[in-house]
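Here's the structure we're looking at; comments come further down.
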Amino acid sequence: MRKRFLKTHVLAFLAFTLASGGGITARAASLEMVMQQTKEPAKDGTAPVNKKEERKEERKGADNTEERGRTSLVINGTDKTGTFIVNGQDLQTDLPIKVSVSGGFSVSPATIPANAKNVLVTVTLNSSKKQTLGKVVLRSGDFRSYVNLKGFGTPLTPKDISKSPVYAGGDAEKFNKAANDGFKPTSKGYTVEFKVNTDDARKEFFPYVVNDKGVGFKAFVNSSGTGLYSAANDKAFVNPATSGEGGLGKFYNDDKRSHTYRYAVTPDNRIFVYRDGLPIDTVRAVDYGPQPDFTTETGDPVENLLKNPGFEGDYDTRDGKMVKAIEGWDIAIGDIYNSDQSIRKQEITNQQDADNHILSMERYKWSDGWGAAEISQVVNVAPNETYTLSALVRGGVKKEGTLLGKLKIEELQDGALGKSVEISSDKWETYSLDYTTSAECKQIRIVFYLERDKWGANITPLEADNVKLTGKSRIFAPKIGFTNKSSNIKYFTYDLTGAYAPLEEPKIAISTGIK
């Protein structure tokens with residue numbers, strides 16, 4: 001047993017050392033890593049790692065056996081960095097170490113020469129999420145090593161932006177500022193705020209904003225609530241103050257009062273939404289941005305027009321497994337009794353190894369459900385132009401051989417126009433189709449489609465990866481403004497220096513002590 005253990009460790013190829021505290025060594029084919037606990041956080045934002053606490057967290061999860069023993073790096077603060085040192089040993093000289101990292105982080109360098117010594121690798125937390133989990137993957141041929149990552153985003157800085165309104169109040173039906181009016185958002189993010197009265201059903205307010213990258217939103221406020229539009233549907237926000245047990249989660253905008261709304265858009269394109277100072281939700285702008293009137297002209301051909309085409313981006317789950325939201329994609333019916341969507345690991349090639357993620361769609365087998373399972377993405381396109389859609393897909397095949405899965409293109413301006421291809425195998429194959437848009441087309445919808453069938457049908461999951469839409473892009477014109485139906489506007493303003501929280505969050509303080 002002892003000899004076998006030593007033999008395994010001779011096969012090692014990488015050694016790591018945390019720049020903040022040193023003491024990490026890895027020399028095993030299983031790439032296990034042992035780390036000395038550091039006592040002080042590094043100046044670069046890296047937090048000390050407590051191995052006892054890490055093991056406690058590991059024991060809580062049911063599916064984390066492979067994570068145990070890996071090096072961990074904790075980064076405190078958006079745009080902060082953590083570092084470690086890489087030493088390659090006995091690698092083939094024509095197989096350099098390729099370095100990649102999960103979404104929400106960036107890493108440098110991307111490539112390390114084989115057998116290099118003491119190479120400093122820097123990981124930056126780009127995400128503004130409260131907590132972001134990920135990992136650095138180092139590949140050299142068939143060899144792998146990993147660093148687990150945990151990042152804690154910096155809370156937004158509070159700031160009052162109401163003192164300098166760009167629209168000082170009234171009941172204007174329209175208001176707009178473009179780049180030539182001075183509206184030029186930068187990579188720092190921006191904040192939009194307005195105060196409006198929508199106290200009966202006749203009153204509605206529709207603010208909008210977009211930058212030159214197409215990141216932005218169109219929102220709505222009415223007498224019963226507030227939310228955001230996407231090209232395919234809309235999202236109504238739930239009021240956290242009224243959503244407890246027995247609550248309806250409603251906003252009572254019919255209370256004859258004006259309410260203040262703030263949308264803070266961060267550099268990583270998240271929208272922090274507030275009402276009267278209360279944080280009500282945080283969403284990804286890429287899930288809600290594409291409006292048909294946000295573009296002005298046709299741009300150059302682009303290799304891939306899709307967001308999150310490999311499903312390596314953010315996703316949100318219900319009960320830890322079923323996906324309820326996927327970065328850039330829209331789930332038509334988020335109901336397990338209709339279909340079950342998941343993002344799961346799947347090795348396809350040596351480069352797309354066990355850390356690769358795919359989309360999986362599975363029908364509920366004991367009912368035909370509410371409708372076909374559809375996961376889609378809307379893309380701004382040019383009229384009378386040809387686009388090529390391709391994807392690596394398998395499944396959607398009924399036991400009896402019936403083909404129920406499709407890859408589709410649909411026009412949004414005319415749903416009767418489009419094209420599709422059937423998925424014909426349970427083996428991975430690349431499917432593609434060319435489509436020429438109509439003269440009136442502004443947007444198309446890319447769809448993974450799994451048809452329902454009768455009760456008890458045995459249908460293989462429809463699975464996809466490596467989606468690509470090639471063709472001419474559309475150019476976005478930065479603008480901000482609103483359209484208004486009868487509501488009374490107290491003010492409308494924006495701040496282009498960053499994403500800011502309101503000065504104060506309303507609270508009702510309770511004290512049990514009497515002085």
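Values in this document were obtained by computation on a predicted structure and should not be read as measured data. What you see below is based on every heavy atom in this structure, not just the backbone, and it leaves out hydrogens, waters and symmetry mates. Along the sequence shown, residues carry numbers from 1.
- R275 and N253 are linked by a side-chain donor-acceptor pair at a separation below 3.5 angstrom, with hydrogens and angles left out of the test.
- Ion pairing between a basic and an acidic side chain is recognised when a charged N comes within 4.0 Å of a carboxylate O; K135 and D355 show such pairing.
- Using a distance-only test at 3.5 Å, with no hydrogens or angles considered, no donor-acceptor pair links the side chain of T226 to the main chain of V221.
- If you take OG on S127 and CG on L149, they are separated by 12.0 Å, rounding to the nearest 0.5 Å.
- Residue Q443 comes nearest to P292 through the heavy atom pair NE2-N, 3.5 Å, listed as atom of the first residue, atom of the second, then distance.
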| query | How far apart are the C-alpha atoms of Y500 and L156, what are their side-chain angles, what is the distance that settles it, and do they pass the side-chain contact (heavy atoms from CB on, under 4.5 Å) test? | reply | CA-CA 5 Å; Y500 300 106; L156 300 187; 5.8 Å; no
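- Within the 4.5 Å cutoff, side-chain heavy atoms of V467 are placed close to those of F448.
- If you take OG on S342 and CD1 on I358, they are separated by 7.5 Å, rounding to the nearest 0.5 Å.
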| request: Dump the intermediate steps for side-chain contact (heavy atoms from CB on, under 4.5 Å) on K307 and E327, then the final yes or no. | output: CA-CA 8 Å; K307 304 163 188 170; E327 179 181 337; 5.9 Å; no
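- Around the CZ atom of R202, the shell of radius 6.0 Å holds no more than 12 heavy atoms that belong to other residues, nucleotides or ligands.
- Contact annotation: the side chain of F476 approaches that of N380 to within less than 4.5 Å [non-hydrogen atoms, C-beta and beyond].
- Once rounded to the nearest 0.5 Å, the distance linking CD of E463 with CG of L359 reads 8.5 Å.
- With N308 contributing its side chain and G313 its backbone, the two residues share a donor-acceptor pair below 3.5 Å.
- Judged purely by atom type and a 3.5 angstrom limit, D234 has no side-chain atom pairing as donor or acceptor with the backbone of Y229.
- Heavy atoms of other residues, nucleotides or ligands lying less than 6.0 angstrom from CD of E173 number 12 at most.
- With F482 as the partner, the ring-ring contact (aromatic ring centres under 6.0 Å, His included) test is satisfied by one option alone out of F206, F220, F492, Y208: F492.
- Looking at heavy atoms from C-beta onward, S187 lies out of side-chain contact with P267 at the 4.5 angstrom threshold.
- With hydrogens and angles disregarded, a donor-acceptor distance shorter than 3.5 Å links the side chain of T78 to the backbone of T154.
- Closest approach of P506 to L278, counting heavy atoms only: CD-N, 3.8 Å.
- Scanning both residues, N126 and D268, for their nearest heavy atoms gives O-CB, 3.6 Å.
- The side chain to side chain contact (heavy atoms under 4.5 Å, CB included) test with L412 is passed by exactly one of V378, I444, V379: V378.
- Taking 4.5 Å as the limit, every side-chain heavy atom of V136 sits out of range of all side-chain heavy atoms of F105.
- Checked by atom type and distance alone, the side chain of N87 pairs as donor or acceptor with a backbone atom of N118 at under 3.5 Å.
- A donor-acceptor pair shorter than 3.5 Å cannot be found between the side chains of E193 and T191.
- Looking only at side-chain heavy atoms (C-beta outward), K150 and N148 stay at 4.5 Å or farther from each other.
- Within a 6.0 Å sphere centred on NZ of K159, other residues, nucleotides and ligands contribute more than 12 heavy atoms.
- Remark: the D465 side chain and the Q346 side chain contain no N/O donor-acceptor pair separated by less than 3.5 Å.
- At distances below 3.5 Å, not a single donor-acceptor pair connects side-chain atoms of T242 with backbone N or O atoms of G247.
- We find that D314 and R270 are joined by a salt bridge, their nearest charged nitrogen and carboxylate oxygen being less than 4.0 Å apart.
- No donor-acceptor pair under 3.5 Å is formed between the side chain of Y263 and the backbone N or O of A219.
- Counting heavy atoms from C-beta on, the side chains of K479 and F294 come closer than 4.5 Å.
- Considering only residues two or more places apart in sequence or on other chains, E374 meets the side chain to side chain donor-acceptor pair (under 3.5 Å) condition with R445.
- Using cut-offs of 30° and 60° on the angle between ring planes, the pair F194 and Y261 is parallel.
- In this structure the side chain of I161 never reaches within 4.5 angstrom of the side chain of Y494, judged on heavy atoms.
- At distances below 3.5 Å, not a single donor-acceptor pair connects side-chain atoms of Q291 with backbone N or O atoms of F217.
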| request: Start with the C-alpha gap between K203 and K485, add the side-chain angles, then the distance that decides, and say whether side-chain contact (heavy atoms from CB on, under 4.5 Å) holds. | output: CA-CA 5 Å; K203 299 179 179 181; K485 292 184 180 179; over 6 Å; no
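- In summary, the aromatic rings of Y337 and Y364 are positioned with their centroids under 6.0 Å apart.
- Smallest separation of non-hydrogen atoms from P279 and E505: CD-CD, 3.7 Å.
- The aromatic ring centres of F311 and W329 sit less than 6.0 Å apart.
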| message | Under the criterion side-chain contact (heavy atoms from CB on, under 4.5 Å), I'd like the reasoning laid out for I480 against F175: C-alpha separation, chi angles, the key distance, then a yes or no. | response | CA-CA 8 Å; I480 187 170; F175 176 83; 5.6 Å; no
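- When all heavy atoms are compared, the tightest approach of L73 to G82 is CD2-C, 3.9 Å.
- The structure places OG1 of T157 at 11.0 Å from CG of L503, a figure rounded to the nearest 0.5 Å.
- Note: Y190 and F183 have perpendicular aromatic rings, judged against thresholds of 30 and 60 degrees for the angle between ring planes.
- No donor-acceptor pair under 3.5 Å is formed between the side chain of N269 and the backbone N or O of A285.
- With rounding to the nearest 0.5 angstrom, the NZ atom of K80 is 15.5 Å from the CZ atom of F152.
- Taking CD of E410 as the reference point, atom OG of S376 lies at 8.0 Å (rounded to 0.5 Å).
- D330 and K235 are not joined by a salt bridge, as no carboxylate oxygen comes within less than 4.0 angstrom of a charged side-chain nitrogen.
- Inter-residue side-chain proximity for N488 and D199 is flagged as unmet; no heavy-atom pair is nearer than 4.5 Å.
- Taking each heavy atom of P240 and I280 in turn, the nearest pair found is CD-CG2, 3.7 Å.
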| Checking salt bridge (charged side-chain N to carboxylate O under 4.0 Å, His left out) for the pair D316/R284: CA distance, chi angles, key distance, verdict? | CA-CA 11 Å; D316 307 307; R284 292 177 292 264; 3.3 Å; yes
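- R257 places no side-chain N or O within donor-acceptor distance of the main-chain N or O of N197, the cut-off being under 3.5 Å.
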